[in-house]
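The structure appears right after this line, and notes come after that.
Computed over heavy atoms, backbone and side chain alike; hydrogens, waters and symmetry mates excluded.
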Number of protein chains: 2
Amino acid sequence: MSNFGRIASLRPPVAINLAERSAASSCGDCGARHHGMCDALSDEELIFLSGAAQHLSLPAGKLFMEEGEPAQYFYNVNSGTVRLFKALPDGRRQITGFAGPGHFIGLAGEMNMISAEAMEPVRLCRFSRAGLRSMLTEFPALERKLLDVAMHEIVLGQQQMLLLGRKTALERISSFLLSWAQRQEICGPGKLPRPHARLSLPLSRTDLADYLGLTIETVSRSLSHLKKQGLIEIPSIHEIVLLRPQALADIAEAAG
Amino acid sequence: MSNFGRIASLRPPVAINLAERSAASSCGDCGARHHGMCDALSDEELIFLSGAAQHLSLPAGKLFMEEGEPAQYFYNVNSGTVRLFKALPDGRRQITGFAGPGHFIGLAGEMNMISAEAMEPVRLCRFSRAGLRSMLTEFPALERKLLDVAMHEIVLGQQQMLLLGRKTALERISSFLLSWAQRQEICGPGKLPRPHARLSLPLSRTDLADYLGLTIETVSRSLSHLKKQGLIEIPSIHEIVLLRPQALADIAEAAG
DNA sequence: GGCGCGCAGTGATCCATATCAAAAAAAGCA
DNA sequence: TGCTTTTTTTGATATGGATCACTGCGCGCC
């Protein structure tokens with residue numbers, strides 16, 4: 001077990017995201033089974049790994065990884081949600097994804113290829129990138145898991161490219177609502193949520209706009225439009241009720 | 001060496017993409033070193049793997065993988081270029097990437113998450129997806145390699161999301177020309193091509209439009225605009241000379 | 001309770017890019 | 001080679017979503 005064991009003995013053995021271990025679920029986007037990041041490892045392995053990590057708590061809004069800086073660390077989210085984004089010098093911003101409990105951040109590249117910011121209070125484990133390769137060699141199950149989630153992320157990215165490149169504002173919003181329902185595991189793999197499913201939406205309109213490649217005004221108008229059509233209800237700013245998921249799906253996929 | 005060895009003995013030992021082995025190069029997008037897919041394996045391993053593959057030759061235009069169908073196979077490109085895309089029922093199409101020699105296609109998901117089509121005559125190796133997991137276990141170096149390229153693909157996807165979600169037509173074209181130059185290894189990692197570098201562009205305007213989330217008319221107009229500004233020359237439909245790469249970079253990143 | 005401030009919604013206008021139309025250039029093909 | 005077909009370029013017009021401007025709401029704070 002080499003160096004990880006040694007480090008672990010010096011630190012409290014808090015497992016990486018151990019809380020997530022039981023939360024196994026099947027993915028609607030590709031039919032594969034995705035689990036909390038570390039369900040692949042034994043308790044013992046998690047404890048060793050955890051020893052190699054620094055445990056951080058960040059306040060909402062904290063930018064902890066910045067595009068273009070040398071990639072010293074990579075991170076595993078324990079709780080809270082992180083916004084991943086790229087920005088242009090003039091301030092335009094594209095959110096490329098959201099990382100929740102169990103997600104890894106900052107694995108690719110010698111430089112950070114993306115910025116990461118806490119959207120709410122976040123706890124995470126920070127690892128030295130220098131140790132990544134030996135970690136993977138030490139724990140083949142972790143490598144397999146990373147490959148699985150990386151491939152899943154590629155699939156999500158492809159879906160987002162279709163959305164950003166070819167869908168209308170209304171289609172983007174509809175697609176987003178349905179994919180967010182899946183993310184929240186409100187509905188099973190590839191299935192629609194049941195009518196009247198309630199979605200919690202802890203994003204500001206600005207985040208939503210920057211994720212969907214729209215302006216906040218267009219996001220607001222599109223949501224109002226769906227409401228007027230009776231497809232959704234908006235009981236509060238951070239809650240949306242999907243009255244007619246099938247109708248949303250028809251819009252999202254330009255069917256009907 | 002289990003089953004792959006047995007299969008190999010029944011077939012001519014043509015290595016997967018062996019030609020690519022010497023073509024190692026460093027990547028401008030993230031500073032990491034990416035090699036031809038199989039440089040991680042020994043000749044012997046390649047021969048075994050190759051034995052598990054069916055070797056196919058496809059004509060230009062051949063659609064060999066279709067979104068939504070059960071994922072029976074995955075592929076490794078030997079020569080030629082493949083277009084990867086998603087389409088909406090009404091015909092709108094988003095090309096999410098291009099796969100050249102050494103690239104793997106169809107690794108993710110129980111269903112094909114994307115369609116793949118030969119852009120020119122293509123030779124590829126086809127593997128059964130059922131054997132993927134044992135292949136990875138058998139050849140850990142392959143797994144590491146796949147993880148590397150998957151992470152690289154994620155980085156490219158994030159760049160494309162920024163382009164599709166937030167960049168103007170002119171910025172998209174400029175970004176594309178520069179990234180295509182890197183892809184063709186006309187310039188080093190993260191560097192600009194030298195002034196007057198000649199780019200070969202084996203894409204139709206339609207492919208370009210569907211990759212950049214624009215219409216063919218806008219693509220054509222943007223290229224004409226760059227030509228009028230003296231930043232590029234267009235000696236033929238499939239060739240572009242980058243007269244002033246720095247100026248293109250300024251447009252691409254909304255600097256200057 | 002009232003005040004201030006940031007966020008969200010809505011209306012009016014504008015503009016970048018799509019759409020429609022046609023000419024020009026290139027690619028097949030007999 | 002000349003004819004046909006397809007692709008690209010260019011022009012004219014339309015439009016979806018951006019931008020600008022303002023109103024309204026929720027919430028913390030005094």
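If I237(B) and S220(A) are placed on DNA chain C by their nearest nucleotide, the residue sitting closer to the 5' end is S220(A). When the nearest nucleotides of DNA chain D are assigned to R172(A) and R205(B) by heavy-atom distance, the more 5′-ward of the two goes with R205(B). Each of T168(A) and V219(B) has a nearest nucleotide on DNA chain D; the 5'-most of these lies closest to V219(B).
Between the P atom of dT8(D) and the NZ atom of K227(B) lies a distance of 14 Å, rounded to the nearest Å. Straight-line distance from the CG atom of L214(A) to the P atom of dA8(C): 15 Å, rounded to whole Å. Between D210(A) atom CG and dG17(D) atom P there is a gap of 17 Å when expressed in whole angstrom units. For K228(B) and dT10(D), the NZ to P distance is 7 Å, given to the nearest whole Å. Rounded to whole angstrom, the span from the CE atom of M119(B) across to the P atom of dT7(D) amounts to 13 Å. Remark: P of dT8(D) and CD of E239(B) are 15 Å apart, rounded to the nearest angstrom. Summarising the geometry, the separation between NE2 on H225(B) and P on dT9(D) is reported as 15 Å, rounded to the nearest angstrom. Counting to the nearest Å, the P atom of dT19(C) and the CZ atom of R92(B) are 9 Å from each other.
Ranking dT8(D), dT19(C), dT10(C) by closeness to the T215(B) side chain, first place goes to dT19(C). Each of dA18(C), dT10(D), dA8(C) was ranked by its minimum atom distance to the side chain of S224(B); first place goes to dT10(D). In the set dA12(D), dA18(D), dT8(D), the nucleotide with an atom closest to the side chain of S204(B) is dT8(D). Of the candidates dT17(C), dT8(D), dT10(C), the closest approach to any side-chain atom of A169(B) belongs to dT17(C). Side-chain proximity of T218(A) to the nucleotides dG11(D), dA18(D), dT8(D) is greatest for dA18(D). Distance from the side chain of E217(A) is smallest for dC20(D) among the nucleotides dG11(D), dA8(C), dC20(D).
For Y211(A) and W180(A), the gap between ring centers reaches or exceeds 6.0 Å. Checked against the 6.0 Å centroid threshold, F64(A) and Y73(A) do not count as a close aromatic pair.
A salt bridge links R93(A) to D207(A): at least one charged side-chain nitrogen sits closer than 4.0 Å to a carboxylate oxygen.
For D90(A) (side chain) and R92(A) (main-chain N/O), a donor-acceptor pair under 3.5 Å exists by modelled atom type.
A donor N or O paired with an acceptor N or O is not found under 3.5 Å between the base of dG16(D) and the side-chain atoms of R221(A).
No contact: L223(B) has no heavy atom under 4.0 Å from any strand.
If you check the side chains of T81(B) and E120(B), you find a donor sitting under 3.5 Å from an acceptor.
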